[in-house]
Engineer: 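Structure in structure tokens, see below.
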Amino acid sequence: MPHRNKGTARPNDILGTLKRLLKYLAPHKLRLMLVLPAILLSSAAAVAGSYFLKPLFNDYVVPFIGQENPDLSGFIRLIALMACIYLAGAAGTYIYNRLMVVVATKTLATIRKDMFAHMQKLPLAFFDKHPHGELMSRYTSDTDALHDALSMTLPSLLSCSATAIGVFGAMLILSPLLTLLILLMLCVMFVTVKLIGKRSSHYFQQQQKAIGRVNGYIEEMIEGQKVVRVFGHEDATQKGFAGLNDALCHASTNANTFANILMPVIMNLSYVNYALTAVLGAVLGVAGLIDLGTLASFLQFTRQFSQPIAQISQQFNNVLLALAGAERIFAILDEAPESDAGNVTLVRAEKDADGVWQEAPQGRYWLWKKGERYTEVKGDVRLQDVVFGYVPEKTVLHGVSFYAKPGQKIALVGSTGAGKTTITNLINRFYDIGEGQILYDGIDIKDIKKQDLRRSMAFVLQDSHLFSGTIRDNIRYGRPDSSDAEVEAAAKLANADVFIRHLPHGYETVISGDGGNLSQGQRQLLTIARAALADTPVLVMDEATSSVDTRTERLIEKGMDRLMENRTVFVIAHRLSTVRNANAILVLEGGQVVERGDHDELLAQRGRYYQLYNGLFELE
């Protein structure tokens, strides 16, 4: 079943999230210090422009009534002053919007950088628990919502708040009585906003959850498109998507319906407010309690006061959505990184004329280094009474013990779930054991820095993952500082050179879509070339030939025979015919080693290996 996103549109810790956001905004405090004056300038210009309607009517328009040749010089100066004020306001609006776009973009760039860097330090268990679609939503929908809030919603809220306060103060100065009417209508608006906003918020939460479900389903189905087509599940997949899409459509329709009617309702209430204010103002004017200029200015402020109130209410859900997204991002940053207390490092070296080790980046020898002491890496790996479970309540390995001497080829065979891949995951410390000990050249692997431990091993997995780039770049991933000649030598060793040179651009051929323009066998040969270039003391092959044809398997085996020379090799095999030449074959069942020996010895025992081998032989 596709993953169900459990995201919510409401943050759990608003204050804590705001504090953390402020830390990211701190480097931009100079820009933010300029934003506030720009917002105040924009709001003050809007208020002042409307306030000047009072002297415009009282000092010029009304006195001009009935005059044949009025003096317009003062009137023109006032109009010019109003124009300058509005231009200053427009400049202020441009400045704060531009500054906030820069602040938002740079802040989100930093957050994305920190999140990606932190994810590189997280243990594999974290990625096992969180589907890719869920993690990708942190970089897409969550960061987009936060960017919109910082670049548009926040400045809009500040501007609207400043304008509302300024307009309210001006109205109090002009007419306290008419301002009382405005306050009464404002209460009506707030009640309306609360009722509509509550419904809108509910559906926006449903919409966010539905978006997560749809995105997760789409990603899962695209990744598994081959499987969908092989089993003829196109119709079922479409029905599954249609159901999720309909749920999203329903939630989005309701959410946007209530969100979209909020502004028209508020605006219509503002029209009612305007009409009532005009009527009451006219009555006061007839009674001689207010002049025409004051009334004209007040009516303009009435329109200006309703608009920012409506905008503030409309932006509230956007703020909650952005804070919820920020909280989900910070949840990633709060995940505990992979612990590493190792103090043994891996270096390459050469011996000088006196036989003393000297570190050299391109040295032929691998050494373990602890302080000033060097130990040559030989590839001796031993497991002693190892107990492990991915979760505490379920043990996968039960007291597993075995050894691999330097240069030996050790095959791990057994039924699915026996613990074969788990053992290789423990050797390179993708997971840490619960009990027992794993020794690498006599050193407890817990004392070796994880990065160095993994650098001493090369992996060829069943899933031949390639990256966007050229063939040469993908092979060089095994050792970034390698030369072109070394890359090509590794390809020859893996029997990949021939097919590479037949490609349109040879080693410069660009791989697209995880190697989608190559066959499965060609992709696997490239991963083997990558491992060959890494030139590590230990090699792990996890069912590396299970997805290729027999001819390609023979090509791989020829390359692997050369690659495995003078290396300790662990092979997890699907086809038992590929492990007959192993120095030792370990048969695992139920998380335990039940048999050990070479091919002939195990067949002679007529035990579990004998049964597995003959069963597969009959299938072939």
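Any value given below was found using the heavy atoms of this structure, including those in side chains, with hydrogens, waters and symmetry copies removed. The first residue of the sequence shown is numbered 1, and numbering continues consecutively from there.
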Engineer: Of all residues at least two apart in sequence or in a different chain, which pass the salt bridge (Lys or Arg N to Asp or Glu O under 4.0 Å) check with R596?
Structural biologist: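 Partners of R596 by the salt bridge (Lys or Arg N to Asp or Glu O under 4.0 Å) criterion come out as none, since no residue qualifies.
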Engineer: Holding to salt bridge (Lys or Arg N to Asp or Glu O under 4.0 Å), I want the full list of residues that pass it with R31, two or more places apart in sequence or in another chain.
Structural biologist: none
Engineer: Do D444 and Q437 have side-chain N/O donor and acceptor atoms under 3.5 Å apart?
Structural biologist: yes
Engineer: Can you run down the salt bridge (charged side-chain N to carboxylate O under 4.0 Å, His left out) pairs that involve residues 599-611, sequence neighbours left out, and say none if there aren't any?
Structural biologist: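 The answer is E589-R608.
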Engineer: Relative to each other, are the rings of F467 and Y477 parallel, tilted or perpendicular (30° and 60° limits)?
Structural biologist: parallel
Engineer: How about N343 and K449: does a side-chain donor come under 3.5 Å of a side-chain acceptor?
Structural biologist: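 No, because no side-chain N or O of N343 sits under 3.5 Å from a partner of the opposite role on K449.
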Engineer: Report yes or no: do T237 and Y217 form a side-chain donor-acceptor pair below 3.5 Å?
Structural biologist: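 Note: T237 and Y217 side chains miss the donor-acceptor criterion.
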Engineer: Holding to ring pair (Phe, Tyr, Trp, His ring centres under 6.0 Å), I want the full list of residues that pass it with F127, two or more places apart in sequence or in another chain.
Structural biologist: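 Expected list: none.
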Engineer: Could you pull out all residues at least two apart from D441 that satisfy salt bridge (Lys or Arg N to Asp or Glu O under 4.0 Å)?
Structural biologist: none
Engineer: Please tell me whether D497 and Y507 have a donor and an acceptor in their side chains that are separated by less than 3.5 angstrom.
Structural biologist: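 Side-chain D/A pair, D497 to Y507: present.
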Engineer: Quick test of your reading: applying side chain to side chain donor-acceptor pair (under 3.5 Å), list the pairs with at least one residue in residues 109-127, sequence neighbours left out, ordered by first then second residue.
Structural biologist: Y24-D114
Engineer: Are Q384 and Y403 close enough that a side-chain donor and a side-chain acceptor fall under 3.5 Å?
Structural biologist: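 Looking only at side-chain atoms, Y403 and Q384 do not form any donor-acceptor pair under 3.5 Å.
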